[in-house]
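Input: a single structure, listed below in structure tokens.
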Amino acid sequence: MTDVSPESWMQVRPEGLYCKPADAFVDPHRPVGRAIVTHGHADHARSGHETVFATAETVAIMRTRYTDDAVTGAQPMTYGERKDLGNGVTLWLAPAGHILGSAQAVIEFGGRRIVISGDYKRHFDPTCAPFELVPCDVFVTEATFALPVFSHPPIEHEMAKLMRSMASLPDRTHLVGVYALGKCQRVMAALREAGYPHPFFLHGALVRLTQLYEGLGYDFGSWQEVSKIDRSDRDQFRGRVVLCPPSALADRWSRSLPDPLPIMASGWMQIRARARQRRAEMALIVSDHADWADLLETARETGAGDVWITHGRVEALEHALKQQGIRAKALDLVGREEEPE
Amino acid sequence: MERFSNLLDDLYFTNSSRAKESILADYLRSAPDPDRGWALAAIGGTLTFDLFKRNLARTLMTERMDPELFALSYDYVGELSETIALAWPVSDNPKRLNRLPSLSEIINEFNSRGKLGIRDYLIELLDAMTPPQRWALLKLGTRGLRIGMSARSVKRTLANMKNVELDVIEELWHGVSPPYQELFEWIDDRAPMPDISKRLTYSPVMLAHPIDVEKDFSRIAPHSHQAEWKWDGIRVQIAANASDVKIFSRKGDDISHSFPDLVEAVDFDAVIDGELLISRDGEIGSFNDLQQRLNKKKPTKALVQKLPAHVIAYDILREGNTNLRPLPLSQRREALKTFIDPRDPGRFSLSRVLPFETHADLSALRQKAADTGGLMEGLMIKNLSSDYVSGRPKHAWYKWKCDPHLLDAVLMYAQRGHGKRSSYYSDYTFGLWAGDGQLLPIGKAYFGFTDEELKQLDTWIRNHKQQRFGPVQEVEKELVFEVAFDSAQTSSRHKSGYALRFPRISRIRWDKPAAEANQLEDLAQLVDRKRN
Ligand SMILES: [Zn+2]
């Protein structure tokens with residue numbers, strides 16, 4: 001081995017983060033030959049790659065979101081399974097606790113280990129495998145909520161708020177805006193844990209992914225699709241939970257529901273103005289990303305001497321890590337937009 | 001305090017004004033005195049004092065948190081109170097409170113304490129509160145509550161509670177004051193309606209429409225309209241009777257305490273509308289001069305003597321017991337002339353009526369205003385038959401502002417915007433070339449461009465980064481902005497020696513080489529021109 005400095009074999013390219021000896025990109029945002037995909041959210045999992053290394057769940061999600069042949073050369077992997085990528089590079093996947101199938105990509109080369117976390121969280125979530133800490137030389141982290149203002153409350157706290165509201169406003173349809181992949185299923189699971197006994201009512205856009213979860217053994221109790229319920233029967237929505245994508249909160253679709261109370265569930269809801277932008281009348285702080293304390297703590301716990309930051313509130317995390325003596329730098333990746341959360 | 005904080009949250013997150021009004025009414029019906037009166041004042045924007053200085057909260061925060069992290073958080077959240085409410089690190093040994101004090105207990109406690117005591121009390125409360133409660137406290141304490149409820153909507157709530165017309169509340173409103181005990185006694189049917197006939201009250205002023213030269217000029221003629229200078233001061237309403245004098249700002253804030261010299265000169269029983277400015281020996285001072293006298297709780301004698309306040313009167317609303325508002329402007333003007341004539345000319349003068357025959361005359365007058373280098377903003381053109389009404393009636397008063405000045409300046413620093421714009425570099429500092437070939441910053445602007453241009457600028461900045469100073473990003477000195485501004489003045493507070501009034505970006509000059517931007521000397525000439 002001559003030069004194995006991490007920068008020499010893991011580089012930033014226009015397509016995304018590139019592992020040179022393996023000729024593979026991590027979460028590339030345009031079609032490439034070999035792609036390692038950390039999870040199924042759209043800005044990480046694009047279609048059109050020739051070969052995809054990802055968990056079986058992520059591959060299934062990609063096939064559901066795109067078309068079956070969008071992921072032709074899939075190489076589904078289980079957590080912990082080691083894959084030889086050639087030229088001395090080994091890849092394995094560790095759970096990231098973000099959404100179903102989400103993984104940290106662990107790449108080993110020349111006696112060094114780089115962990116690319118993708119998106120991750122440390123809070124409890126029954127709809128995916130919990131985050132696993134992997135000691136490493138370089139930790140590549142997200143920074144979606146990397147500001148001291150972000151401190152995510154336990155989800156039980158937020159579900160209790162929703163349950164209280166249904167009790168005190170029994171005439172209003174509690175219309176909860178959630179993203180179709182991950183958030184929707186996590187909220188349903190958390191409401192079941194909070195003792196919500198009624199069927200859920202789902203907007204059509206949430207159905208396919210929920211069925212995918214069910215196919216993999218997750219159980220959310222009974223639910224019905226809103227459009228399958230006759231207009232004359234919709235009074236049963238009052239005081240109950242109807243789930244929809246955030247964009248449907250304020251559009252014409254929601255006007256067919258009896259007296260809807262628009263509610264938004266997302267990590268951004270901690271900021272008042274963000275909640276108002278969505279015209280939400282109740283804000284549930286439910287995040288699938290690590291909050292400020294967890295981002296700092298996790299970076300420390302990996303023992304990595306170098307932390308590279310991919311997307312989000314990059315400056316703040318870089319600054320705080322440097323103060324703790326960790327070599328931190330922003331990667332300036334192109335095409336990474338703010339994750340719908 | 002819990003109830004107040006819950007109320008604010010409920011109001012904040014409710015969309016329809018009708019629903020907001022019913023939430024507020026529920027609270028006002030059930031909350032005790034004097035808490036509900038203070039809450040009403042906080043929401044209606046009628047509190048007359050701060051519990052603590054906005055800067056105290058900021059200082060406490062910077063003592064407790066890394067300044068760069070705080071700056072980044074503030075940039076992102078876009079609002080100081082919420083940033084502090086969310087990021088407040090609880091003290092190591094917080095004082096334990098058995099319960100949170102009530103709203104009125106908090107107000108009394110702050111008002112009874114000195115500077116250090118206020119500081120301690122604020123820390124104590126912030127430590128004991130949840131983020132939404134902290135937000136409520138910070139908003140209350142610095143009078144910055146905006147929960148999307150207009151003053152009109154607040155008054156409509158009261159009118160509905162008492163089942164009276166909105167007008168009844170409108171008339172009462174400026175005659176009663178927080179915590180509104182007498183108002184609530186009346187609403188609760190425990191006392192008659194408060195008698196405010198002897199109290200000095202503010203009446204919302206009459207405002208002008210910007211003139212649309214194409215459409216409006218044809219309506220204007222010398223026999224039906226009068227022209228006056230539009231001065232760059234602040235609009236005031238002076239209300240006085242035998243026992244009291246009040247100076248109200250355009251928003252109805254009582255600013256009498258800042259202008260004791262003017263208050264002392266008032267010896268009449270009338271309501272006057274006019275422009276407040278600084279005037280020394282008959283010479284009107286710049287807005288910069290006036291600025292030094294604004295927002296001073298107790299101006300020093302020296303300051304008052306150095307920068308004496310003066311009012312150029314342009315309307316009269318009441319004289320003695322006579323309401324002049326329903327009269328046409330031509331008659332009010334006669335009354336005003338007679339009224340101002342015997343006053344101290346050092347304190348009060350009559351707004352001049354400017355003779356004109358043609359539209360060309362008006363253009364020439366406007367050019368003359370422009371040549372004052374900002375002392376005058378342009379012209380006012382008023383319909384002589386207009387009666388005095390609150391608000392902005394159509395085709396009654398026009399304002400015709402001077403064209404802005406333009407300079408080509410070079411972008412030097414960029415900062416992220418607040419709130420919605422927090423992911424873009426949207427605040428720009430630009431400069432002009434000094435004699436030694438250095439750029440000196442002359443101003444900052446954050447509007448004047450489209451969303452599309454904002455994105456282009458953001459990309460340009462990301463590709464031309466130099467050093468970073470906290471949240472401030474230095475860029476390569478290559479991009480030229482055409483900057484528009486109303487006037488420029490010398491200023492010792494700026495490194496370049498000049499301050500611009502209302503700077504905004506009028507064009508992005510992608511094509512122009514930075515070396516061809518304007519020199520500081522060009523700005524100096526502009527400022528000199530007005531002095532001569
Ligand atoms: Zn994600």
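Side chains included, hydrogens not; waters and symmetry mates left out as well; all remaining heavy atoms used. Here is how names work: the chains are called A, B, and so on, in the same order as the sequence lines, proteins then strands, and each is numbered from 1. Treat the numbers as computed from the prediction; the structure is a model and nothing was measured.
The neighbour count for B:Lys95 NZ, taken as heavy atoms of other residues, nucleotides or ligands under 6.0 Å away, does not exceed 12. Within 6.0 Å of atom CZ in B:Arg3, more than 12 heavy atoms from other residues, nucleotides or ligands are found, so the atom counts as buried in its surroundings. The environment of A:Arg300 atom CZ is dense: over 12 non-hydrogen atoms of other residues, nucleotides or ligands sit within 6.0 angstrom. Heavy-atom contacts from other residues, nucleotides or ligands closer than 6.0 Å to CZ of B:Arg462 number more than 12. The number of heavy atoms from other shown groups lying within 6.0 Å of NZ (B:Lys455) does not exceed 12. Applying the 6.0 Å contact sphere to CG of A:Asp251 captures more than 12 heavy atoms from other residues, nucleotides or ligands.
A distance of 3.5 Å separates OH of B:Tyr76 from CZ of A:Arg274, quoted to the nearest 0.5 Å. Interatomic distance, CG of B:Leu86 versus CH2 of A:Trp292, reported as 14.0 Å (0.5 Å rounding). How far CZ of B:Arg468 is from NE2 of A:His319: 9.0 Å, rounded to the nearest 0.5 Å. The distance from the CD atom of A:Gln270 to the CD atom of B:Glu82 is 9.0 Å, given to the nearest 0.5 Å.
Neither the backbone nor the side chain of B:Pro131 comes within less than 4.5 Å of any heavy atom in chain A. Heavy-atom distances place no part of B:Trp88 under 4.5 Å from chain A, backbone and side chain included. Residue B:Tyr12 touches chain A through both its backbone and its side chain, counting heavy-atom pairs closer than 4.5 Å.
Within residues 147-169 of chain A, the residues having any heavy atom under 4.5 Å from a heavy atom of chain B are, by residue number, A:Leu147, A:Pro148, A:Val149, A:Phe150.
In terms of heavy-atom proximity, A:Arg272 sits nearest to B:Asp9 at NH2-OD1, 2.7 Å.
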Exercise for the section: Check step by step if salt bridge (Lys or Arg N to Asp or Glu O under 4.0 Å) holds for A:Lys322 and B:Glu68. Expected result: CA-CA 12 Å; A:Lys322 277 182 178 161; B:Glu68 174 149 3; over 6 Å; no

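Counting heavy-atom pairs closer than 4.5 Å to chain A, the top-ranked of the candidates B:Thr14, B:Leu72, B:Asn15 is B:Asn15.
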